[in-house]
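In what follows, a structure is listed as structure tokens, so that the remarks can point back to it.
A quick note: this is a predicted structure, and the numbers were derived from the prediction, not measured. The figures here come from the full heavy-atom set of this structure, side chains too, leaving out hydrogens, waters and symmetry mates. Indexing begins at 1, ligand by ligand and atom by atom, following the structure's order.
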Amino acid sequence: MCMLVLFTVFAIFAFATCGGYSGQLRVSVDCMEKARSNLSIGIDFAYPFRLHQVSFDAPVCEGIREERVFLIGDYSSSAEFFVTIAVFAFLYSLMATIVYIFFQNKYRENSRGPLIDFIVTVVFSFMWLVSSSAWGKALSDVKIATDPDEVQLLISACKVQTNKCGSVLEPRWSGLNTSVVFGFLNFVLWAGNIWFVFKETGWHKGASSLAGGGSEKQSGTFNNQGILDQSAGYNTQGNLSQPTEYSQVGGPTSYSNQM
Ligand SMILES: *[C@@H]1O[C@H](CO)[C@@H](O)[C@H](O)[C@H]1NC(C)=O
């Protein structure tokens with residue numbers, strides 16, 4: 001049960017920190033003709049990081065004219081992919097929790113449960129790895145594209161030696177860094193769970209082992225195992241000769257057994 005909560009909470013953290021992000025940077029354009037200067041030009045951007053749609057007005061330092069400047073890059077595909085995976089992982093964990101609480105017995109009767117759970121877990125592990133990597137790469141590109149020193153290069157007035165441009169404020173990155181960390185934590189969590197879910201399918205023992213289904217013994221075996229105990233669990237539960245292990249059926253119950 002607490003494993004299920006962990007899966008759910010970690011998924012929430014991943015999409016909330018990324019999808020809820022908004023940041024701001026500030027640059028200054030100090031024209032030789034002081035009256036034209038703007039020493040605090042704020043530039044706001046947010047998820048999903050379509051930076052090529054983010055614009056701001058900067059003085060041209062000639063007359064009262066201003067120019068509209070656009071940031072560069074579109075990182076929405078990686079960001080949206082990451083958030084989508086996180087949201088679906090959250091929904092699956094939530095569904096598994098509900099099944100575990102309300103439909104546990106029904107789920108055990110259905111032999112397709114462990115199979116589906118196994119496939120879904122493998123797919124989500126892979127997706128977490130791919131989307132976290134893609135998002136991590138996109139984030140490093142976003143950091144460069146929104147670096148005030150880089151943004152100054154886009155302003156034509158800053159190309160004139162007599163004008164001075166400066167960086168006033170850099171965006172905060174802690175939230176987005178956290179989202180990448182949580183992405184990889186989720187990958188570790190899901191990938192680590194593959195073995196436990198695989199055991200529920202009973203494949204590693206051959207078809208004959210399915211006869212042992214329904215035993216309640218193993219729920220005691222796995223009870224009170226936290227996530228930290230899982231590494232130990234790999235050794236002790238890797239014992240293939242123990243006939244009661246595979247009898248657990250269903251994804252949600254497989255989580256519960258690892259508590
Ligand atoms: C400087 O730019 C900001 C937009 O970032 C604008 O709101 C403000 O009015 C500008 N200030 C001057 C003096 O033009």
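Within the 4.0 Å heavy-atom criterion, both parts of Ile41, backbone and side chain, lie near ligand 1.
In this structure, atom 5 (O) of ligand 1 lies nearest to the protein heavy atom Gly42 N, 2.9 Å. Atom 13 (C) of ligand 1 has Ser37 O, 4.2 Å as its closest protein atom, hydrogens excluded (heavy atom only). The single protein non-hydrogen atom nearest to atom 9 (O) of ligand 1 is Asn38 ND2, 4.8 Å, given as residue, atom name and distance.
For atom 11 (N) of ligand 1, the nearest protein heavy atom is under 4.0 Å away. Protein heavy atoms are absent from the space less than 4.0 angstrom from atom 7 (O) of ligand 1.
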* To do: Could you walk me through whether Ser76 and Asp74 pass the side chain to side chain donor-acceptor pair (under 3.5 Å) test, one step at a time?
  => CA-CA 6 Å; Ser76 59; Asp74 181 1; 2.7 Å; yes

* Passes side chain to side chain contact (heavy atoms under 4.5 Å, CB included), Leu39 versus Asp30? Steps please. -> CA-CA 6 Å; Leu39 300 180; Asp30 195 1; 3.9 Å; yes

* Candidate pair Ile64 and Arg36, rule side chain to side chain contact (heavy atoms under 4.5 Å, CB included), full reasoning -> CA-CA 7 Å; Ile64 57 166; Arg36 307 279 171 252; 3.5 Å; yes

* Run the salt bridge (charged side-chain N to carboxylate O under 4.0 Å, His left out) check on Asp141 and Lys137 step by step: do they pass? -> CA-CA 7 Å; Asp141 292 340; Lys137 169 75 175 78; 2.8 Å; yes

* Apply the test ring-ring contact (aromatic ring centres under 6.0 Å, His included) to residues Phe126 and Trp190: give CA-CA distance (whole Å), side-chain angles for both, the deciding distance (0.1 Å), then the verdict. => CA-CA 9 Å; Phe126 179 70; Trp190 285 80; over 10 Å; no

